[in-house]
Amino acid sequence: MSEPVLPEWAEVGEKRRAHIARVTALLDRWALQLRLDADEAQAWHDAGRWHDALRDASAETLRALADDAERPVETLHGPAAAVRLAREGETRADLLDAIRWHTVGYAGWSRVGRALYMADFLAPGRQFARADRAFLADHLAHDFDGVFRQVVRMRIEWTVREGKALFPETVALWNHVR
């Protein structure tokens with residue numbers, strides 16, 4: 001697995017860099033299995049390599065870029081990265097939406113957003129529900145929408161079980177896919 005090329009402004013440690021590589025490799029595998037055209041496959045690849053580009057940035061940097069003083073700082077790396085990418089000239093709105101909302105979900109996503117949301121959750125390296133997550137990752141090429149629905153369900157169940165708040169975007173996503 002080759003290491004994805006990150007923007008010069010990326011702020012990630014080695015652990016996060018390895019996660020980005022796993023997510024990108026999974027997205028690339030799915031793109032091949034689904035026989036995506038070159039443009040969509042590139043968008044999936046770019047979503048993987050850029051989604052956590054600011055994951056290790058300071059709270060001050062994230063809040064300033066995302067222009068958000070309210071949400072938990074751990075949810076702001078996607079919006080901050082989307083802002084930086086747009087400033088650098090990225091114009092693919094569906095890719096920017098994928099990166100912006102990959103932590104909480106978004107009902108208006110195109111396929112690249114849904115794929116990133118799943119890859120971020122299903123990529124190897126996470127220690128929980130390994131067999132279930134591996135099964136879903138392997139099954140995606142046969143039932144993209146079904147796997148997506150299950151990933152949304154699993155992420156919401158975890159959030160509720162942990163006593164965390166559900167964001168309005170997450171609720172809208174669930175209402176869209178159920």
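Just so it is clear, the structure is predicted and the values come from calculations on it, not from any experiment. No hydrogens, no waters, no symmetry mates; every other heavy atom, side chains included, goes into these values.
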Distance from [X] atom [atom1] to [Y] atom [atom2], nearest 0.5 Å?
X	Y	atom1	atom2	result
L85	L54	CG	CG	8.0 Å
R55	L76	CZ	CG	10.0 Å
L173	L166	CG	CG	11.0 Å
T75	W101	OG1	CH2	9.0 Å
L34	R29	CG	CZ	10.5 Å
R84	L96	CZ	CG	13.5 Å

Could you give me the CA-CA distance, side-chain angles and deciding distance for Y106 and Y117, then say whether side chain to side chain contact (heavy atoms under 4.5 Å, CB included) is met?
-> CA-CA 9 Å; Y106 177 59; Y117 187 77; over 6 Å; no

Got a sec, which residues hit side-chain hydrogen bond (donor to acceptor under 3.5 Å, both in side chains) with E90, two or more places apart in sequence or on another chain?
-> R92

Sorted by chain and number, sequence neighbours left out, side-chain hydrogen bond (donor to acceptor under 3.5 Å, both in side chains) with R178 holds for N175

[X]-[Y] co-clustered via ILVMFWY side chain contacts under 4.5 Å:
X	Y	answer
V83	W9	yes
I20	V23	no
V152	V171	yes
V151	F128	yes
V160	V177	yes

Tell me the closest heavy-atom pair linking [X] and [Y], and the distance in Å.
X	Y	result
A53	V12	O-CG1, 3.6 Å
A81	I99	CB-CG2, 3.9 Å
A57	E11	CA-OE1, 3.4 Å
A107	A172	CB-O, 3.7 Å
A137	W30	O-NE1, 3.0 Å
A80	L65	CB-CB, 3.7 Å

Is there a donor-acceptor pair under 3.5 Å between the side chain of R49 and the backbone N or O of L6?
-> no

Examine distances only and state if a side-chain atom of R133 and a backbone atom of P124 form a donor-acceptor pair shorter than 3.5 Å.
-> no

What pairs meet the salt bridge (Lys or Arg N to Asp or Glu O under 4.0 Å) rule with one or both residues in [range], with sequence neighbours excluded?
range	result
residues 95-107	D97-R100
residues 145-168	R114-D145
residues 119-129	D120-R126

Applying ring pair (Phe, Tyr, Trp, His ring centres under 6.0 Å) to F167 and not counting sequence neighbours gives none

Residues passing the ring pair (Phe, Tyr, Trp, His ring centres under 6.0 Å) test with F144, sequence neighbours excluded, are none

Using the ring-ring contact (aromatic ring centres under 6.0 Å, His included) rule, collect all pairs that involve residues 41-82, keeping only residues at least two apart or in two chains.
-> H19-H51, H51-H102, H77-H102

Is F121 close to W158 at the side-chain level, that is, under 4.5 Å between some pair of heavy atoms?
-> no

Can you name the side-chain contact (heavy atoms from CB on, under 4.5 Å) partners of [X], sequence neighbours left out?
X	result
H139	F135, H142, D143, V147
D39	D37
E14	R17

For residues 58-72, pull every pair meeting side-chain hydrogen bond (donor to acceptor under 3.5 Å, both in side chains), keeping only residues two or more places apart or in separate chains.
-> S58-T61, R71-E169

